[in-house]
Structure formats: C-alpha cells, structure tokens
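Let me begin by presenting the structure, written as structure tokens, before commenting on it.
Here the structure is a predicted model, which is why all the values come from computation and not from measurement. Each chain gets a letter, A, B and so on, in the order its sequence line appears, and its residues count up from 1.
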2 protein chains.
Amino acid sequence: MTKKNVCPLDYTMNLIGTKWKPLVLFHLLEGGLRSGTLQKKIPGISNKMFTQTVRDLEKDGLIFRKVFPVVPPKVEYSLTDRGMSLKDILISLDKWGSEDCQK
Amino acid sequence: MTKKNVCPLDYTMNLIGTKWKPLVLFHLLEGGLRSGTLQKKIPGISNKMFTQTVRDLEKDGLIFRKVFPVVPPKVEYSLTDRGMSLKDILISLDKWGSEDCQK
DNA sequence: TAACTATATCACTTATTAGTGAGTTATTGC
DNA sequence: GCAATAACTCACTAATAAGTGATATAGTTA
C-alpha cells in the first residue's frame, strides 16, 4: 500500500499518528528535558520504543536533540518551533482525556 | 507492559492513538455515511483495517453503527456525542497538516 | 438461473512493532 | 582496578498489525 497524503489530516497522522509520539511531545511542552527524565515521565514506554520515538521525532524536525560532551552522557531533548506548533492540539488532547475519562 | 493511564493524554492515546481512527472520525464530522462511502474517503486503508477500525470505534462508543435490513446490505456510521466531542481536535489536526505541509 | 449488489468475515501469510537482556562508552569515586 | 553512571545500541524473540484472496448473504434484475 502506497503512502499518499489525500488530505491534510492524513499528512498529520503520518507524522504523529502513533501512541507514543504525542506523549513525548506533550511532556516537552514546558521545556527541554534530559533523556532519562523524559522517559520516566512516560511509564509504560520501553527503552527501545523511547529511543525509536525520539529518533523519529528528531528526523521529522519536531524535537531537537542536544548532546553534551560529558561523562556519563547527557542528552537533552526539546521541541523545535515545528514541534511547538502542536502545543494547542496536544493540550486539547490531554484536556479531552481528562474530561472524557470521568464519564 | 501494563496499560495504566498515567495522565489524561495517555488515556486519549489509548482510545484514538492510531493512524486510522482519527481519519475515520474526521470524515464523519459532516454527518453519517454508508460504510462503502466512508471507506472510499480513506484511500490506503484496506478492507480489513477499515472493518477493524470502525469496530474498535464502535466498541468505545465514538461512532454508532446503524444497520438497515435491506438487500444488498446498508450500514451507516455516524459519530456519537462522545465522538463529536473530538470535533475541534480533529479539525485542528487537519488544519495543522495543511499549514505544516507547505513549508 | 446466473450475475450483481454492499457489507462484511475468514483463513492464511507477511510486515511491523514491541519487549528483553546484554554490551558499549569514558570518566569519577571508592 | 572495579563499580557506578546515562544514554544508548544490538541481537533475538514475541506480539500485534496489516494485506490478500476466498466466501457468505439474499433479494433484484437480466
């Protein structure tokens, strides 16, 4: 099956239409975080999926990866402008969940 | 890995955090559609994934399935109130895509 | 009576996603 | 010189998602 974007929403879903991506982006809204700190904010995500998700988001220019040349390693993730442009949507999704789950 | 919801967004993602679900919901915003019509609006989705996605959405009370007892079969899907409460988010996701893709 | 229709379901295979545990790195502190 | 550290990466396996082609349904039309 080919991956053509037939409508803008299709394009959006190809970028962030997974379970983990919005969660990672959401937890960076307040500012950049170290790799370990970010991962701890997302219980249930395995080490591997975390790495894979941030790699994907970085490749698509939604987050920025800053490596500090220290030992032990320090890596900080933060939203790019592009990632930040999803802010309202991410907050809406979180808000929807908080309202819906108490029904 | 267990599926505990640690934040509202996590809850939301467990409900609609897939590639196809938002697309199906989006195309029902303007009103109910016959099964075949809805499926045609989502190129790239296979018969199986379409069925599976609408089953899931129905199970979670986001869409409603109305069967007309005629031959050949006629089935219409429409948003429930719960599904409709995602309207603004779905439109925002679509809008984000249309703005982002032209950069 | 055979084809056509719309909406599926089923069995089977392939592809993708996810989990797990071990290994890597280079420095600091014991 | 050995463990501890943070952030991975890798190999391997398990689980889930997805694709494909066949089949079912039951009336209507040719």
Check: Under the salt bridge (Lys or Arg N to Asp or Glu O under 4.0 Å) test, which residues partner B/Arg82, sequence neighbours left out?
Finding: A/Asp100

Check: How far apart are the closest heavy atoms of A/Glu76 and A/Arg34, and which atoms are they?
Finding: CG-N, 3.9 Å

Check: Are B/Val75 and B/Val71 linked, directly or through other ILVMFWY residues, by side chains that come within less than 4.5 angstrom of each other?
Finding: no

Notebook entry, point to check: In whole Å, what is the span from the CD atom of A/Gln52 to the C1' atom of D/dA7?
Noted result: 16 Å

Item checked: Atom pair distance, as rounded to whole Å: CG in A/Asn47 and P in C/dT24 -> 17 Å

Notebook entry, point to check: Within this structure, what is the CE-to-C1' distance between A/Met49 and D/dT9, rounded to whole angstrom?
Noted result: 15 Å

Margin query: In whole Å, I'd like the distance from the CD1 atom of B/Ile45 to the P atom of D/dT20.
Written below: 13 Å

Margin query: If you compare all heavy atoms of B/Lys21 against all heavy atoms of B/Ile16, which two are closest, and at what distance to 0.1 Å?
Written below: CD-CA, 4.0 Å

Notebook entry, point to check: Who pairs with A/Glu99 by side-chain contact (heavy atoms from CB on, under 4.5 Å), at least two apart in sequence or on another chain?
Noted result: A/Lys95

Next item on the list: Check each residue of residues 57-76 of chain A for a non-hydrogen atom within less than 4.0 Å of any atom in DNA chain C, then write out the ones that pass by number, or none.
Entry: A/Val71

Margin query: Just the rounded figure in Å: distance from P of D/dA7 to CZ of A/Phe50.
Written below: 9 Å

Note to self: For a quick check of understanding: with a heavy-atom distance under 4.0 Å over all strands, which category does A/Tyr77 fall into, base, sugar-phosphate or nothing?
What the structure shows: sugar-phosphate

Next item on the list: Please work out which residues in residues 32-39 of chain A have a non-hydrogen atom less than 4.0 Å from an atom of DNA chain D and list them by number.
Entry: A/Arg34, A/Ser35, A/Gly36

Next item on the list: Report yes or no: do B/Phe64 and B/Leu86 belong to one cluster of Ile/Leu/Val/Met/Phe/Trp/Tyr joined by side chain heavy-atom distances under 4.5 Å?
Entry: no

Check: Please walk me through it: do B/Leu23 and B/Lys41 pass side-chain contact (heavy atoms from CB on, under 4.5 Å)?
Finding: CA-CA 9 Å; B/Leu23 282 163; B/Lys41 282 180 179 286; over 6 Å; no

Checklist line | Shortest non-hydrogen separation from B/Tyr77 to B/Leu28 and the atoms involved | finding: O-CD2, 3.4 Å

Next item on the list: To the nearest 10°, let me know how far the axis at one end of the helix from C/dT1-D/dA30 to C/dC30-D/dG1 is tilted from the axis at the other, five pairs an end.
Entry: 20°

Margin query: When you compare the side chain of A/Pro22 with that of A/Ile89, does any pair of heavy atoms fall below 4.5 Å?
Written below: no

Next item on the list: Would you mind reading off the distance between A/Lys48 atom NZ and D/dC10 atom P, rounded to a whole angstrom?
Entry: 11 Å

Check: If you check the B/Arg55 side chain, which of C/dG19, C/dA8, D/dT9 turns out closest?
Finding: C/dA8

Check: Are side-chain heavy atoms of A/Phe26 and A/Leu29 found at a separation under 4.5 Å?
Finding: yes

Margin query: Once side-chain contact (heavy atoms from CB on, under 4.5 Å) is applied, do any residues pair with B/Ser98, and if so which ones, sequence neighbours excluded?
Written below: A/Pro8

